[in-house]
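Remarks on the structure that follows.
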Amino acid sequence: MDGIHDLGGRQGFGTIRYAPGAPAFHAAWEKRVNALYGMAVRRGIFNMDEYRHAIERMPARYYLSASYYERSLTSLLTLCVEKGIVSREELEHLAQGAVPLSEPSAPGRTNLPDRETFQRGDRVRVKNDFFAGHVRMPGYIRGKPGIVVSESPRYPFPDAHAHGVEAADEPTYDVAFRTEDLWPNSADSALARPIRESAFF
């Protein structure tokens, strides 16, 4: 996750705007987009990892200027074009103008053989590796030590599942990190909220 979408822990973006009790949707088209991508996942047109990766592939300038549901719409349309459901020309005819889509996907990677398993309380270190495709690992935890606090149900390996390549199920571990390890000299001492991750040494 080295694209512009991976903003966790980065500075310079100002105060997070938060409005208690704000509605989930602000316009009727947002509800339709949400319903359409949910229906596409249920019908097996694409999976949630492909959906996330299509958002990650948005051009940086467009991603930063787009709203949450504009990103959802871009992902939905990109995947529908890539899956042959509709052509870009048909979309642009309906929209009577240009329709922004995400960049092409990089190849995925399959599960690693002979992977270690972990237990609650194990000390682990996140792999310090880099990969051009979809990775469910926030960049700010790369190479950082943590403690396994629980294990979640097995799930298809997202790095492969997002690319439509063979994705065997793997356990997902909830890991707690010390804030000082994640953000040295810029965070109060605390145990950071557990992060689900499966890419450890």
Considering only NZ, NE, NH1 and NH2 on the basic side and carboxylate oxygens on the acidic side, decide whether [X] and [Y] come within less than 4.0 Å.
X    : Y    : result
D129 : R109 : yes
E50  : R57  : no
E170 : R115 : yes

To the closest 0.5 Å, what do you measure between [atom1] ([X]) and [atom2] ([Y])?
X    : Y    : atom1 : atom2 : value
I141 : L182 : CD1   : CG    : 8.0 Å
N111 : H161 : CG    : NE2   : 11.0 Å
E70  : S75  : CD    : OG    : 13.5 Å
S72  : E30  : OG    : CD    : 9.0 Å
L77  : L91  : CG    : CG    : 5.5 Å
F157 : T172 : CZ    : OG1   : 10.0 Å

Checklist entry - Looking at F25 versus Y69, is the centre-to-centre ring distance below 6.0 Å? => result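 Between F25 and Y69, the centre distance is under 6.0 Å.
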Show the nearest heavy-atom pair for residues [X] and [Y], with the distance to one decimal.
X    : Y    : answer
V81  : L101 : CG2-CD1, 4.1 Å
P156 : D49  : O-OD2, 4.5 Å
E90  : S87  : OE1-N, 2.8 Å
L76  : A40  : CD1-CB, 4.5 Å
A162 : H53  : CB-CB, 4.0 Å
T110 : A160 : CA-CB, 4.1 Å

Item to check | Stepwise salt bridge (charged side-chain N to carboxylate O under 4.0 Å, His left out) test for K144 and E180 | outcome: CA-CA 10 Å; K144 305 296 184 177; E180 304 99 306; over 6 Å; no
Item to check | Polar side chain donor-acceptor pair, H134 to D159, under 3.5 angstrom | outcome: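 Distance-only check fails for H134 and D159.
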Checklist entry - If you measure only the distance, is there a donor-acceptor pair under 3.5 Å linking the side chains of Y68 and N34? => result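 Distance-only check fails for Y68 and N34.
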Next on the checklist: I want to check a possible cation-pi pair here: R71 against Y62, using under 6.0 Å from ring centre and within 45° of the ring axis as the test.
Outcome noted: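 Here R71 fails the 6.0 Å and 45° test against Y62.
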Within the distance-only criterion (no hydrogens, no angle test), does the side chain of [X] pair as donor or acceptor with the backbone N or O of [Y] below 3.5 angstrom?
X    : Y    : value
R88  : V99  : yes
T78  : A54  : no
R136 : P158 : no

Side-chain touch [X]/[Y], heavy atoms, less than 4.5 angstrom:
X    : Y    : result
R123 : P145 : no
E151 : V148 : no
W183 : R178 : no
F130 : R142 : yes
V124 : V175 : yes
L73  : Y37  : no

Checklist entry - Do I55 and I45 belong to the same hydrophobic cluster, where Ile, Leu, Val, Met, Phe, Trp and Tyr are linked whenever their side-chain heavy atoms lie under 4.5 Å apart, directly or via other members? => result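 Yes, same cluster.
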Checklist entry - Are I85 and M48 connected in the hydrophobic side-chain network, where two residues link if heavy atoms are under 4.5 Å apart? => result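 Same cluster.
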Checklist entry - Can F177 and V126 be said to form a side chain to side chain contact (heavy atoms under 4.5 Å, CB included), step by step? => result CA-CA 10 Å; F177 298 86; V126 180; 3.8 Å; yes
Checklist entry - Above 12 or not: heavy atoms from other molecules or residues under 6.0 Å from NE2 of H93? => result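 No, the 6.0 Å shell around NE2 holds no more than 12 heavy atoms from other groups.
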Checklist entry - Does CD in E92 sit with more than 12 non-hydrogen atoms of other residues, nucleotides or ligands closer than 6.0 Å? => result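 Yes - once you tally the heavy atoms of other residues, nucleotides and ligands closer than 6.0 Å, there are more than 12.
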Next on the checklist: Tell me whether the rings of F46 and Y51 are parallel (<30°), tilted (30 to 60°) or perpendicular (>60°).
Outcome noted: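 Rings of F46 and Y51: parallel, as their planes differ by under 30°.
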